[in-house]
Each structure stands twice: as structure tokens, then as C-alpha cells.
Amino acid sequence: MIDSIIQTSLRQRFLVLLFGAVVVAFGLWSMTRLNVDAFPDVTNIQVQINTSAPGLAAVEVEQLITFPIENVMNGLPDITEVRSISKAGLSLVTVVFEDGVDIYFARQLVLERLQVARERIPPGMGDPEMGPITTGLGQIYRYVLSGEGMNSMELRTLNDWLVKFQLRTVPGVADVLSFGGNVRQYQVQVDPDRLLKFGLALDDVTAAIKANNTNAGGWYLEGAQEQLVIRGAGLIRGGREGLTDIANIVLKTIDGTAVFVRDVATVEYGAEIRQGAVSLNGGGEVVMGNVLLLKGANTKRVIEAVQEKVASLQNTLPQGVEIVPVYDQSDLVDKAVATVTMALAEAAVLIVIVLFLFLWDVRSALIVVCSIPLSMLIAVIMMRWFGLSANLQSLGGLAIGIGMMVDGSIVMVENIVRHLSEEDHAREPLVHRVLRAAQEVGQPIFFAVLIIIVVFLPLFTLEGVEGKLFGPMAFTVAFAMLGSLVVALTIVPVLCATVFRTTMREHDHFLIRWLKSGYRPLLRFALARRMTVVAIAVLTFVASLAVVPFLGTEFVPELDEGTMSIRVTMNPSISLDQSIEIGNALEKKLLKYPEVIYVFSGIGRAEIGGDPEPISNNELVVGVKEVLPVVTGRREA
């Protein structure tokens, strides 16, 4: 089969060269469409179910909400785990599926069972909903909304009803979570003495407000020449008019006199009871937005689209209000990709230099060098075909295989040059001599590449987090080696038959002669003392095994993102105001260090969809300068 492939390639040289051009074009196009991430996504296939239950204690949340949801979720196909967290006012149930299950199919299964769970939850206790389709690395962009003369409630309202709606339209954004600030509410503050005076209960006020906040349709009214739509508008208006509408709702009549809501209560704006806050640089509370990446989306491209949307939104905000980015994951992605890209470029340059030094023929060296980009482009095409992203691990696989990509091409070119330098077949057509030389080493090249791929087979069998982390590296190495095999068996012989002369001269240049002069005595010495050489090799191998336990191990390569995370755990019963005060104090102390650029505190939890942290937990994110010495040990702030 290998001989037939080589023979067909040399017969159809134009088609092979056209195939090479197509590979280059399609590979470059695939490179622009390839997802770019910092690390492989190791998050399992999971669906989160969030339920807000204001006023309920953790025990009631567990009994009335969490348990019914867990009960109906057990037994779903391909499910591996159902876990939950029950807190005061919040239930979080996570349903984990087996790897390979489509996330949208998993959400469909959960949604079907969720209808059953809603029927088992007592009315008014909570409405469960699924969380956003994101991953553990999904928090890609954070911004702060700031404005002179505007309080936290006004900024939070602006973020919830303008900024979030616009950012959600960006392709690849799963959701935008608001964090910090006060959520505006219409609050009816009832006076119990007035209720008793008019013989009313709190439920009467609630029922009256609900009944007077609705619209009604009356269908059509036929006239002589017109048809009019009948509509009764009863919805409470927004803004200050809404306060007046609520205050003017009639609760009952006493002797023909109406009793309004304003007679028993005060209607005004108020802040929703919250379980989280954000402060920045010790300057007090701010309103923050957290952009979540859609699972499987291109991190780099989505962040660029978010940045463009933020720039366009600046012109639509009120005077003095601006969106200030405080965290951008594109920096991490750029650093991760740049690290491997630099390694690839350095390796490619070294390989080119070595090839020119040892081959000492421009045409031969250029043909071998061509196999590097062609093999990489074939690997990129396969990566996009199989849905792999360009990240630290997958590009690292290319860096590992870049030296092996040229092995087959070097053997092919060297053997062709050797055959063309033989004078016995000088009158034979060039294509025939190239064919005979290529077929001579075709099968050895095939089996040599196959052996290299087989070495990575154990990585293909990894499952779970290990498989997701190291699988991309194994796949990219295999793709690159397969690409190098295709190039060595098809394109390289065609290029040799195209650019080489009928006869060539093979001789050792000065570098090879110098190396051989040193190698021959060493070889004779080793052959004369075969048992000694074998014994030294065995002892070296045993010594290397003895050193293995002392080598350090890491889960992922070390990568300095330029930020640090500090977790502060406080008294479980601490108040939110006290947590904010402590956070501001820590921020001011950290900003005293010249290496620190910014500090912001994330206290408690954001709205539903984020991490369900208590207000006793403070996550400090510290932005530092790019070059910092590595410091071990603890240091007081």
C-alpha cells in the first residue's frame, strides 16, 4: 500500500502539489477559526439548578426544595452524581453526567424532570431554574460601573436594565451576573397599628396589591365602520408613578369611605436584602458585572467581542457614568499561547539551522523544512475537525512533536539524494530513480511514525480530569505525526522529483568530517569493550529510576497570570457591613505595596448563578505588576 501511494503521488505530481496548496490555504483558514483558550476545559458535564427562597432557613430549604429536586433527578440516564448545597434563602443542586454527554441534551433531561420537581415544592416557596451554560474557567471579564453623583442603587439598576441586556447579546456570552450594589424595590412598609385600626390583616394588603397589578383584555368592539380593541390597563407603572399607583390602591371601604394603602403603610423605594457586596481599592462599595463564557465558545474571540460592545456602550450611558474593566482573561490566554508560540518558534529556528548545517544543500534543506509548516497545518485542520482548542496543552503537543515531524522527510530526502548520486543509474529517468529511492524507505518511515504514535496511546486511555488535561496534547502530537507521514510519503518525493537534478553529488562537508573524526575512535572503543558499555548503560538506567521519586510534580504548568487570589474567612455570624469594613481595610493595606496595581473584594455571593459563598467569605483579587520575585512563606498585610 505504501509503495502504491508513493507511485501514485509521483504519477500525479500536479495534483499532489495542488493538494499541498489546499492544505496551506485550509490550514491557515482553520487557524483563524480555532478556539483559543488558556487551559483545556476540565469541567465535567454538569447542570446546576438554583432556587431562591427568601425568608427560609437552611433546614426548610433542604426539606422543602433541595430534597424534592434531588429526588426527581436521581435515575436520569448517564448520570454519575447529584450533589447539593442548602443555605438560608438558597438551594443549589448540581447534576453531573458522564463525559461525552451533550450538554444541551443533559439540560433537556433536567428540564423535563424539573417540571415534576416544581409540583412537589410547596407554592410560593421558590421557583427552581437552571444555571448558565458555563465552566469553571467561564469568568472571562469583570467590569465596574462607576458614576459621579450616582449611588449604588442607581448604578445597580443601570447595570441590571441596560448594560447586562446589551452584553448578553454578544455571541458566546452565557450570562452576565451583577455583584454588589443595592437592588431597587418598591417597598410597602405597613404600620401594624393602622392595620388594627381599620380591621385589616397583612394578607389583605398583599392580596389587594396583587389584584390591582394586572391588565385585562376585552377583545373587540364593532362600530359602524371601525373595530376597536378593548383593553383595561391596571399594571403599576414604573418610576415614581409606581409609588403613587401602589399608594392609591383601595384595600376596603368603611361606610362608603375608601381605605387606601397609603392609609396603612408608607410606600417608597428600598433596597433588597442582599448576601454580597464588592469594594474596590479601599474606596468603598462598587457595582460589578461578571461576564460568563458559554461552554465551548472561543474565549479569545468572545472577550474581543465583549470589549467592542463595552466600547459602544460607553456612548449610551448617562453623563459621568463609565464601564471600567478590572479583570480580563485575554491576558492569561495571550500569555499561555505566547509561551508555547515562542517555544515553537525557537524550536523551528534551531531545526532549520541544524538542517542546513548537516544537509549542506539548500534545496534538500528547504524541502525538509517545508514538512514542518505542512505537518502543523494538517494538525490544526484535525484539531478544528475534532473540536480541540489551541491552549497551553495542545500547542505544547506541537512543541513536543516539532523535532519528530522532520524525521521521515529527512530519511526520504537523504535516500533520494543517495540514489541520485549513484552513477550506475545516471541515464535512468529522474522520476524512476526518485520512485525507487522513496519506495525503499517508505515502509520504514511508516512504521517509525506509527511507533511514535503508539507511545502516546496510554494518554488516549485517560479519563476524567486527567484525560481532558493531557488528551489534547496526545491528540495534537498524533495529528502532527500523521501529517508528517503524509507529507513524507507524498509531497516530499514530488518536490524532490521537481527541484532535484538528474545527477547529484553526495559528499561529506567539513562539519560531518569533523564529527566523524571524533565519533570513529569512540565507536571502536565501545565495540572493543561491549560488556563495559552495556553495564554502564544499565547502571545509568537504574540510577535514573532512583532519582524519579525526588522529582517535583505539578498538576498544570506554572503560569503567572499577573493576579493573586486571597481568601479571607471571617466569623460565620459576621454582618455584611462589618465584612465590607474589613475588606476595605485589607485593600488599603495591600495597596501600600508598590507591586500592587489594584485590589477588589468579592464578599458573599452575587445573584443566582454565581458561587454560593456566605458573607463571612471574602475573595480578594490582587492585580500585580508583570515582574515580581517569587516569595515563599507568609507575610502580614
Side-chain angles (χ1 to χ4, degrees), residues 35 37-53 58 61-87 90-121 126-140 172-175 177 290 292-297 299 386-389 391 393 459-472 555-556 605-614 617 619:
N35 288 355
D37 300 313
F39 292 103
D41 180 16
V42 298
T43 307
N44 50 22
I45 306 300
Q46 60 176 244
V47 180
Q48 288 188 337
I49 304 170
N50 306 305
T51 309
S52 178
V61 170
E62 173 69 24
Q63 294 175 346
L64 302 178
I65 299 176
T66 303
F67 177 75
I69 295 176
E70 280 187 315
N71 190 26
V72 300
M73 293 302 160
N74 284 311
L76 284 173
D78 300 325
I79 195 172
T80 61
E81 182 185 20
V82 179
R83 59 177 185 267
S84 64
I85 298 176
S86 297
K87 293 178 175 289
L90 177 66
S91 169
L92 175 62
V93 179
T94 303
V95 184
V96 182
F97 290 82
E98 294 180 358
D99 292 335
V101 176
D102 183 75
I103 182 62
Y104 296 99
F105 175 69
R107 291 175 69 87
Q108 179 63 34
L109 293 176
V110 171
L111 181 61
E112 293 174 358
R113 292 289 182 92
L114 206 55
Q115 307 304 321
V116 180
R118 288 193 176 101
E119 297 176 358
R120 298 187 181 183
I121 297 175
D127 186 19
E129 58 183 21
M130 291 189 295
I133 312 174
T134 187
T135 66
L137 295 175
Q139 300 183 24
I140 60 173
V173 172
D175 202 354
L177 302 181
N290 192 356
L292 303 181
L293 178 73
L294 181 69
K295 182 180 177 66
T299 304
F386 285 90
L388 298 179
S389 65
N391 52 61
Q393 294 294 97
L459 294 180
F460 291 105
T461 62
L462 295 177
E463 297 179 350
V465 175
E466 300 87 349
K468 295 177 181 178
L469 186 63
F470 298 105
F555 178 65
V556 294
R605 63 175 181 260
E607 58 184 337
I608 289 182
D611 296 328
E613 299 289 352
N617 179 74
E619 295 286 347

Open item on the list: For Q63, give me all partners under side chain to side chain donor-acceptor pair (under 3.5 Å), at least two apart in sequence or on another chain.
Closed with: none
TODO: Indicate yes or no for a side-chain donor-acceptor contact from N35 to the backbone of G296 under 3.5 Å, with no hydrogens or angles considered.
DONE: yes
Open item on the list: Using a 3.5 Å distance criterion without hydrogens, assess whether the side chain of R107 forms a donor-acceptor pair with backbone atoms of V47.
Closed with: no
TODO: Sequence neighbours left out, what passes side chain to side chain donor-acceptor pair (under 3.5 Å) with S52? Give chain and number order.
DONE: none
- [ ] Identify the two heavy atoms, one from E62 and one from E70, that lie closest to each other, and give their separation to 0.1 Å.
- [x] OE2-OE1, 4.3 Å
- [ ] Show the numbers, then the answer: is there a side chain to side chain contact (heavy atoms under 4.5 Å, CB included) between V93 and V82?
- [x] CA-CA 7 Å; V93 179; V82 179; 4.0 Å; yes
Open item on the list: One pair to check against side chain to side chain contact (heavy atoms under 4.5 Å, CB included): Q46 and K295. What are the steps and the verdict?
Closed with: CA-CA 11 Å; Q46 60 176 244; K295 182 180 177 66; over 6 Å; no
Open item on the list: Walk me through whether S86 and T66 qualify under side chain to side chain donor-acceptor pair (under 3.5 Å).
Closed with: CA-CA 7 Å; S86 297; T66 303; 2.8 Å; yes
Open item on the list: My understanding is that only residues two or more places apart in sequence, or in another chain, count here; which of them pass ring pair (Phe, Tyr, Trp, His ring centres under 6.0 Å) with F105?
Closed with: none
TODO: With sequence neighbours excluded, give me every salt bridge (Lys or Arg N to Asp or Glu O under 4.0 Å) pair touching residues 93-103.
DONE: D99-K468
Open item on the list: Between I121 and I69, does the side chain to side chain contact (heavy atoms under 4.5 Å, CB included) criterion hold? Intermediate values first, please.
Closed with: CA-CA 8 Å; I121 297 175; I69 295 176; 4.3 Å; yes
Task: Under the side chain to side chain donor-acceptor pair (under 3.5 Å) test, residues paired with R120 that sit two or more places apart - done: none
- [ ] Would you check, one step at a time, whether the test side chain to side chain contact (heavy atoms under 4.5 Å, CB included) holds for T51 with E129?
- [x] CA-CA 6 Å; T51 309; E129 58 183 21; over 6 Å; no
Open item on the list: Distance check, rounded to the nearest 0.5 Å: N50 atom CG versus T94 atom OG1?
Closed with: 8.0 Å
TODO: Kindly write out the residues that satisfy salt bridge (Lys or Arg N to Asp or Glu O under 4.0 Å) with K87, not counting sequence neighbours, or none if the list is empty.
DONE: none
Task: Nearest-0.5 Å distance that lies between atom CG in L114 and atom CE in M130 - done: 7.0 Å
